[in-house]
Amino acid sequence: MSVLQRLASALDRRDEAPNIALARSLAATGNAGDVAALADALSSAPRPVRHDAIKALYELGALRPELIRPHADSFLAALEGSDNRLVWGAMAALDTLAAADPGLIAAHLPEILAAAERGSVIAKDKAVSMLATLASLPKPVPGAWNALLAILRDAPVNQTAMYAEAALRAAPMNEPTALAAMVRTRRDDIAHPAKRARLDKVLRRLASL
């Protein structure tokens, strides 16, 4: 059975369990040929296969990012397409590479952020995660922190607390006071008690740094 035949769509399944199981299997075997076949499918296979392939790839990246690193160009190419599922899936795959190869993400940050701006909420969530990783390195990637604060400044109310929490992990390497000021500003715009409470927790954490 080929790797594509192990995807959910080939098995006539509507859930993601086969794709996740495939990722775990590839993490165990490290089969580079199978990983390459999944990456090739992103540009050449029918839509259901593309969607299953990107799911398997970003799940694999979460387990063993070095196995999907050779196919970063396929993920970057997917960011330029109009298939929303593929765009945010590619962002998820790139997010798994941010810690393993920050130079790669930093080199392509402009197109990643542009894709996030055009894309869905999930695409922007993944961009925030990447920025937080780049900004929290012992030598933070230049521009990552300011880009992270800019996204937080303009974030929808529903995403604000999550983005502030992501930025919190990078604050010790950057400017905690700048993040605190931003969080206070955004807090004033939010009426929902639970969301305000999450921001209050971020402020308490920042005060203890």
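Residue numbers start at 1 and run along the sequence shown.
Using a 4.5 Å cut-off on side-chain heavy atoms (C-beta onward), R196 and P193 make no contact. In this structure the side chain of R13 reaches within 4.5 angstrom of the side chain of L11, judged on heavy atoms.
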| message | Evaluate W145 against L131 for side chain to side chain contact (heavy atoms under 4.5 Å, CB included), listing each step before the verdict. | response | CA-CA 7 Å; W145 177 248; L131 288 171; over 6 Å; no
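Atom-to-atom distance recorded for L203:CG and S208:OG is 11.0 Å, nearest 0.5 angstrom. Going from atom OG of S74 over to atom CG of L38 covers 10.5 Å, rounded to the nearest 0.5 Å. R50 CZ to L86 CG: the interatomic distance, rounded to the nearest 0.5 Å, is 6.5 Å. Considering OG1 of T160 and CD1 of I151, their distance stands at 12.0 Å, rounded to 0.5 Å. Residue R24 holds its CZ atom at 12.0 Å from CG of L60, rounded to the nearest 0.5 Å. The distance from atom CG of L26 to atom CG of L57, rounded to the nearest 0.5 Å, is 8.5 Å.
The backbone N or O of L199 lies less than 3.5 Å from no partner atom in the side chain of R187, so there is not a single donor-acceptor pair. Side chain of S44 to main chain of D40: a donor-acceptor pair is present (N/O by atom type, distance under 3.5 Å, no hydrogens or angles). A donor-acceptor pair is defined here as one N or O able to donate and one able to accept, closer than 3.5 Å; such a pair exists between the side chain of R118 and the backbone of L79. Under the 3.5 Å distance criterion, the side-chain polar atoms of E80 are left unmatched by any main-chain donor or acceptor of A77. Remark: the backbone N or O of D101 is not paired with any side-chain donor or acceptor of R69 at under 3.5 angstrom.
Annotation for S136 and M173: closest pair O-CG, 3.8 Å, computed over non-hydrogen atoms. Looking at every heavy atom in both residues, L42 comes nearest to A53 through CD2-CB, 4.0 Å. Between D15 and A8 the shortest heavy-atom distance is O-CB, 3.4 Å. Taking each heavy atom of N174 and A170 in turn, the nearest pair found is ND2-O, 2.7 Å. Considering every non-hydrogen atom in both R6 and S25, the closest pair reads NH2-OG, 3.1 Å. In this structure, A123 and W88 approach most closely via the heavy-atom pair N-CB, 3.8 Å.
Cluster annotation: L148 and L209 are assigned to the same hydrophobic cluster (Ile/Leu/Val/Met/Phe/Trp/Tyr, side-chain heavy-atom contacts under 4.5 Å, transitive). Clustering ILVMFWY residues whenever any of their side-chain heavy atoms sit less than 4.5 angstrom apart, transitively, puts I20 in a cluster other than the one holding L7. When hydrophobic clusters are built by joining Ile, Leu, Val, Met, Phe, Trp and Tyr residues whose side-chain heavy atoms come closer than 4.5 Å, directly or via intermediates, L94 is not grouped with L63. One hydrophobic cluster, built from ILVMFWY side chains closer than 4.5 Å, holds both L179 and V157.
Remark: the S120 side chain and the R85 side chain contain no N/O donor-acceptor pair separated by less than 3.5 Å. Side-chain polar atoms of S9 and R14 form no donor-acceptor pair below 3.5 angstrom. In this model, no donor atom of one side chain and acceptor atom of the other lie less than 3.5 Å apart for Y58 and D95. Under the 3.5 Å distance criterion, with hydrogens and angles disregarded, no donor-acceptor pair is assigned to the side chains of H51 and N19.
One finds a salt bridge joining R186 and D189 here, because a Lys/Arg side-chain nitrogen approaches an Asp/Glu carboxylate oxygen to under 4.0 Å. Of the charged side-chain nitrogens involved, at least one lies within less than 4.0 Å of a carboxylate oxygen, so that K124 and E117 count as a salt-bridged pair.
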Show me the donor-acceptor pairs, under 3.5 Å and distance only, between side chains in residues 102-113 and residues at least two apart or in other chains.
unit_1, atom_1, unit_2, atom_2, d
H108, ND1, E111, OE2, 2.7

